[in-house]
Amino acid sequence: MTNLDYNLWIEKVDPSWQGNIPATLFFNNQKKKRHFHAGEVDEKELETLITRYL
Amino acid sequence: MKKSILLSAAGLLVALLTVANEPYKAGDTAADFNLRNVEGKMISLSQFNDAKGFIVVFYCNTCPVVHKYEQRVIDLHREFGSKGFPVIAINPNDRNVSPGDSYEEMQKLAKSKNYQFQYLYDESQEVARKYGATNTPHVYVLSKKGGNLKVEYVGAIDNNADDAAAADKHYVADAVNKLLKGEQVPVAGTKAIGCTIKWKKV
């Protein structure tokens, strides 16, 4: 994540990501689950997302 | 009763459909706007009779990525403003979510840094939504074609946010230089790193 040529890798993280930060990638390889969220999340939203996607 | 619920649901759907639109990409026609600048004047792109186009950049006071690009935005205006492509910076951040991005703070910053480019306040966030901007800085290069504004490029200023000198792809400058020569813009769009726009809490 230290490659400063962001255009090279933003789309590889998730094609829907427009480059806005903060952004969070949720993944659980054992359950084969993956969810990408662009933008801010508060603590409650974060908990909801973790419960839903992991 | 049931009918009225159904009708209001349909109305809501229509409202949602009219609000949500696809983000602008190269080839689209951009809408003009009417926004207050830091001097209190209402600014529209149609007022710039001598302009050949515009470097519209969604911008703000508080984002660290904007800070890294600030001098480059100043330089873009210095280089291209007189050639017919002025920088038009637009702050879409909600002042309640981000108090440092209030109109008064914009005025202070523009004054202290002696901004020569227009710095406009998109208080309703309608312009950012219409353009499909997601972050700051987020650039839209527009050219005047007939009576319309054509989107020529959307994305990052260059390919190194941290170090201007280390950037070797100058997307915005390259696009404008090509347009000045009447040539095709080489890169239509990139993904720009930047702070998410501080949307109003609903």
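Below, chains carry the letters A, B, ... as their sequence lines are ordered, and counting in each starts from 1.
Heavy atoms of A:I21 lying under 4.5 Å from chain B belong to its backbone as well as its side chain. Residue contact with chain A, scored on non-hydrogen atoms closer than 4.5 Å, involves the backbone and the side chain of B:A161 alike.
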Give me a line-by-line list of donor-acceptor atom pairs from chain A to chain B that are under 3.5 Å apart, or tell me none exist.
residue	atom	partner	partner atom	Å
A:D5	OD2	B:N159	ND2	3.2
A:N7	OD1	B:K191	N	2.8
A:E11	OE1	B:K191	NZ	2.9
A:P15	O	B:K191	NZ	3.2
A:W17	O	B:K191	NZ	2.8
A:G19	O	B:G194	N	3.1
A:N20	ND2	B:T196	OG1	3.0
A:I21	N	B:G194	O	2.7
A:I21	O	B:T196	N	2.8

